[in-house]
Amino acid sequence: MLLLAHLWSITSPVIQDAEIKAQIETASLSLLSIQRGYARDPADRNSPEGSMCTLTFSLPPSVRYISFGVDPDRECNGNLTDSEWVTESNTIIYQYKSGVKKKSTG
C-alpha cells in the first residue's frame, strides 16, 4: 500500500499537468476559430454569422490563474495588484504555484 501511495504521489502531478494542457489546448483552438471567424452580434443568439464558444475549465488547486493575452503577475509572487499588467498578444498564460507556463495561440 505504501508503494502504491508513493507511485500515485509521483504520477498524480504528471496526470494533472496533462489534463491542464489539454484544457489549455482546447481553449487555444476555440479562440483561434473565433479570431478567424466573422463578427457576431452578441445580442442576437441566433445570428447566423460569427463565432461563439463557451469554455469550462476544471483546474486543480495548484493553478493560480489562467489569463488570455495579458500577464497579470510578471513577478510570479501571487499578487496581481503590485505591477502593471503586460499584454502578450495571442498567448494563454497559466500560473502554477511553482511557476508560469505559456501557450502561444498563433
Side-chain angles (χ1 to χ4, degrees):
M1 189 60 109
L2 186 59
L3 182 59
L4 183 60
H6 179 68
L7 287 173
W8 179 251
S9 69
I10 293 171
T11 58
S12 179
V14 173
I15 293 169
Q16 282 186 350
D17 191 47
E19 289 173 355
I20 292 165
K21 285 181 180 179
Q23 291 180 68
I24 298 300
E25 184 64 28
T26 298
S28 174
L29 293 172
S30 297
L31 292 172
L32 280 173
S33 70
I34 289 172
Q35 287 177 335
R36 294 182 178 142
Y38 298 98
R40 176 184 184 91
D41 180 2
D44 181 5
R45 297 189 126 242
N46 299 317
S47 177
E49 63 269 336
S51 301
M52 181 174 140
C53 74
T54 300
L55 300 171
T56 303
F57 295 95
S58 175
L59 303 171
S62 61
V63 176
R64 284 188 173 155
Y65 67 80
I66 291 181
S67 65
F68 300 91
V70 66
D71 188 352
D73 188 17
R74 291 176 45 184
E75 293 81 16
C76 295
N77 62 7
N79 185 350
L80 304 182
T81 62
D82 67 346
S83 63
E84 184 176 331
W85 289 17
V86 176
T87 303
E88 296 194 22
S89 296
N90 297 322
T91 304
I92 298 175
I93 300 166
Y94 49 114
Q95 186 185 91
Y96 289 90
K97 291 180 181 175
S98 60
V100 174
K101 297 192 177 183
K102 298 181 181 184
K103 166 73 176 141
S104 177
T105 61

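Please read all numbers here as calculations on a predicted model, not as lab measurements.
- A distance-only check finds a donor-acceptor pair linking the side chain of T26 to the backbone of A22 [under 3.5 Å].
- Scanning for side chain to side chain contact (heavy atoms under 4.5 Å, CB included) contacts around S83 gives E75, with sequence neighbours left out.
- Proximity of a side-chain donor or acceptor of D73 to a complementary backbone N or O of L80 within less than 3.5 Å is not detected.
- Both F57 and Y94 sit in one connected hydrophobic cluster of ILVMFWY residues. Membership requires side-chain heavy atoms under 4.5 Å apart, directly or through other members.
- In this structure a side-chain-to-backbone donor-acceptor pair under 3.5 Å is missing from W85 to R74.
- For the pair N77 and N79, the tightest heavy-atom approach, listed with the atom from each and the gap, is OD1-N, 2.9 Å.
- Hydrophobic clustering, with ILVMFWY side chains joined whenever heavy atoms are under 4.5 angstrom apart, keeps I93 apart from V86.
- Shown here for Q23 and T56, the closest heavy-atom pair between the two residues is OE1-O, 4.1 Å.
- Residues I20 and F68 share a single hydrophobic cluster, defined by chaining ILVMFWY side chains whose heavy atoms lie under 4.5 Å apart.
- Taking hydrophobic clusters as Ile, Leu, Val, Met, Phe, Trp and Tyr residues chained together by side-chain heavy-atom distances below 4.5 Å, L55 shares a cluster with I66.
- Checking side-chain atoms of D17 against main-chain N and O of K21 turns up no donor-acceptor pair under 3.5 Å.
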